[in-house]
4 protein chains.
Amino acid sequence: MVKIDKDSHRPFYEQLVIGIKEDILQGILEPGDQIPSVREMAKILLMNPNTISKAYKVLESEQVLVTVKGKGTFVKQVESRPRDLRRIEELQQQFNELVIEAKHLQVTETEIKQWLKEAEAKLGGNEA
Amino acid sequence: MVKIDKDSHRPFYEQLVIGIKEDILQGILEPGDQIPSVREMAKILLMNPNTISKAYKVLESEQVLVTVKGKGTFVKQVESRPRDLRRIEELQQQFNELVIEAKHLQVTETEIKQWLKEAEAKLGGNEA
Amino acid sequence: MVKIDKDSHRPFYEQLVIGIKEDILQGILEPGDQIPSVREMAKILLMNPNTISKAYKVLESEQVLVTVKGKGTFVKQVESRPRDLRRIEELQQQFNELVIEAKHLQVTETEIKQWLKEAEAKLGGNEA
Amino acid sequence: MVKIDKDSHRPFYEQLVIGIKEDILQGILEPGDQIPSVREMAKILLMNPNTISKAYKVLESEQVLVTVKGKGTFVKQVESRPRDLRRIEELQQQFNELVIEAKHLQVTETEIKQWLKEAEAKLGGNEA
DNA sequence: GTGGTCTAGACCACT
DNA sequence: GTGGTCTAGACCACA
């Protein structure tokens, strides 16, 4: 479950965001589950509570978590919500740049397809 | 050719780096071509010369450009250099995170394959 | 009757307060009616009695409910009490902010008027 | 221009968010304008830079501002973006509750219509 | 107990 | 100069 690489250039809170999303896709966290409180998680990951809180708020704004003051933070029940086209477009743009980078590193199309296969396998074919 | 999106969160210099790499893959820039000087490019893109300079330095460090003192900056001859496994691994990690994002945005595996096809088409199948 | 939205950011007790006020405006609750005791209501709504108690206290302070020792809590007789100008002013300020939000969400003046019409219809034109 | 009421129950950063939105609707701030830097604004309002930053980030997530690292924060060019139905629905719900509150304060439908007229006048009929 | 807000102050990346 | 991240620690509101 969620690991933070303190040497990564990626901000801690973003690593936590992606980590929790991964846990959900893998079924480690399920809709309705309560996730560790801000203070608990801070102790577990040896981080400042504010940083954890920031990650939780991002996830809430992305409709992944819900937080109830005084009770805690929970994995949201997935209602089939409309696809966020703006963000999908951004992601595709990011994907294109990744492909450019890959070709410059002499990674072939076949290899990228293989990456995709591996990623899907790791996420167990679950839906968000 | 290279376009800078002022509203993007990606640093200008990174946009420039990726833009030049794309131009090379598309054959707009070819090995041996001279590219505009830092000052010229700064005028063209209405950016600070320091920013252009930073981009060029990154591209030199990645063996994409060479600067010849007194002559200018050129697109490097493609030599089959050894694959940089560390950077490829990083890229795959980045790819995995992108897939996690995609699934949370309800983008299917099929759609990602389509993205890949489109990206390859756009880059004309050229090699770096 | 009163429904609590667990996913709302509004505190439970406030949701209860507004819910009871709505019931009164709709005539579901009438002056003189006894409302469930704190403990009963807590069972009905699956909430902590403290939370119910807090809501009742707010409603008492706002002259909506009265508690008679040993008998229970009742909907108060409508007396034409003086308008609380301070609170009305606050409400108007809140209304202004709501309009600002609305305009940024591209909601037109006409639509807001429609909202008002719908709200009035739902409340059946009864007076508190 | 933007005033913060330190005695209000509303968080400072939310007051700032609504204040900037109002300035835009009134035409005090126009698309493309640079707004005071986080540090400047902090000095002006006698607040901590982090709090200002939080407000700016909220406004960016709502597509009202764009921030460019190293350059500053700007009022976004309004592209006619799709209406965010989820947020509009939330706002209507909030509106309904406001009407309930109003009726309990003996505010009439006519008065609310008057409030709306005044609000529109104040915002000068500009579009977001 | 829970999360939310705010301050103070450090350090980093980008222009 | 700009904004972004992170920590430490205080205080408040809700359940």
Side-chain angles (χ1 to χ4, degrees), chain A residues 4 6 8-16 34-42 45-60 65-74, chain B residues 4 6 8-16 42 45-55 58, chain C residues 4 6 8-16 42 45-55 58, chain D residues 4 6 8-16 34-42 45-60 65-74:
Chain A
I4 304 299
K6 298 233 171 192
S8 164
H9 279 200
R10 200 147 221 197
F12 297 170
Y13 83 93
E14 275 188 17
Q15 293 184 47
L16 185 48
Q34 180 166 10
I35 65 173
S37 78
V38 167
R39 290 163 173 84
E40 267 183 279
M41 193 61 109
L45 300 178
L46 302 172
M47 285 164 57
N48 187 291
N50 282 332
T51 307
I52 310 293
S53 182
K54 190 169 184 177
Y56 284 12
K57 288 202 100 180
V58 169
L59 286 164
E60 176 158 32
L65 299 180
V66 265
T67 91
V68 185
K69 230 172 145 177
K71 294 210 71 177
T73 304
F74 304 83
Chain B
I4 302 300
K6 224 184 72 68
S8 163
H9 266 197
R10 194 152 241 181
F12 292 174
Y13 85 93
E14 276 189 18
Q15 292 186 44
L16 186 49
L45 299 178
L46 300 172
M47 284 165 59
N48 189 308
N50 289 332
T51 308
I52 311 291
S53 177
K54 184 162 186 180
V58 169
Chain C
I4 302 299
K6 227 182 70 66
S8 163
H9 267 197
R10 194 152 240 180
F12 292 174
Y13 85 93
E14 274 188 20
Q15 292 187 45
L16 187 48
L45 298 178
L46 302 171
M47 283 165 60
N48 189 308
N50 288 333
T51 307
I52 310 293
S53 178
K54 183 161 187 178
V58 169
Chain D
I4 303 300
K6 297 234 173 194
S8 164
H9 279 199
R10 200 146 222 197
F12 298 169
Y13 82 94
E14 276 188 17
Q15 294 184 46
L16 185 48
Q34 180 167 11
I35 65 173
S37 78
V38 167
R39 290 164 172 86
E40 267 183 279
M41 191 63 108
L45 300 178
L46 302 173
M47 285 164 54
N48 187 291
N50 282 331
T51 307
I52 311 292
S53 181
K54 191 169 183 176
Y56 285 11
K57 287 201 101 179
V58 168
L59 286 164
E60 175 158 33
L65 300 179
V66 267
T67 91
V68 184
K69 233 172 145 176
K71 293 211 70 178
T73 304
F74 304 82

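Chain A is the first sequence line, chain B the second, and so forth, proteins listed ahead of strands; every chain is numbered from 1.
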d(CZ, A:R39; P, E:dG3) in whole Å: 7 Å

Under-3.5 Å donor-acceptor pair between A:N50 side chain and F:dG9 base: yes

Gap between atoms CD1 and P, on D:I52 and F:dT2 respectively (whole Å): 13 Å

From CA spacing to verdict: side chain to side chain contact (heavy atoms under 4.5 Å, CB included), A:T67, C:H9: CA-CA 8 Å; A:T67 91; C:H9 267 197; 4.1 Å; yes

Residue met sooner reading DNA chain F from 5', once A:F12 and D:H9 are mapped to nucleotides: A:F12

Any A:T73 side-chain N or O less than 4.0 Å from OP1/OP2 of E:dT2: no

Side-chain N,O (A:T51) to OP1/OP2 (F:dT7) below 4.0 Å: yes

E:dT5 - base-pair partner by Watson-Crick or wobble geometry, distances under 3.5 Å: F:dA10

Side-chain donor or acceptor of D:E60 paired with backbone N/O of D:T73 under 3.5 Å: no

Distance, rounded to the nearest Å, where D:K69 contributes NZ and F:dG4 contributes P: 8 Å

Residue-phosphate contact under 4.0 Å: D:T67 side-chain N/O, F:dG3 OP1/OP2: no

Side chain to side chain contact (heavy atoms under 4.5 Å, CB included) assessment of D:V68 paired with B:F12: CA-CA 9 Å; D:V68 184; B:F12 292 174; 3.8 Å; yes

Interatomic distance where CD belongs to C:E14 and P belongs to F:dC14 [whole Å]: 7 Å

D:K54 side-chain N/O to F:dT5 phosphate OP1/OP2 under 4.0 Å: no

For atom CG of D:L46 and atom P of E:dA8, their distance in whole Å: 11 Å

Pair D:I52-D:M47, side chain to side chain contact (heavy atoms under 4.5 Å, CB included): steps then yes or no: CA-CA 7 Å; D:I52 311 292; D:M47 285 164 54; 4.1 Å; yes

Heavy-atom closest contact (C:N48 atom, C:N50 atom, distance): OD1-N, 2.8 Å

Whole angstrom value for the distance that separates P of E:dT2 from CD of A:Q34: 9 Å

Toward the 5' end of DNA chain E, by each residue's nearest nucleotide, A:E60 or D:P49: A:E60

Whole angstrom value for the distance that separates P of F:dA15 from CG of C:L45: 13 Å

Rounded distance in Å - CG (A:N48) to C1' (E:dC11): 15 Å

Side-chain N,O (A:K57) to OP1/OP2 (E:dT5) below 4.0 Å: yes

B:Y13 side chain near E:dC14 phosphate (N/O to OP1/OP2, under 4.0 Å): yes

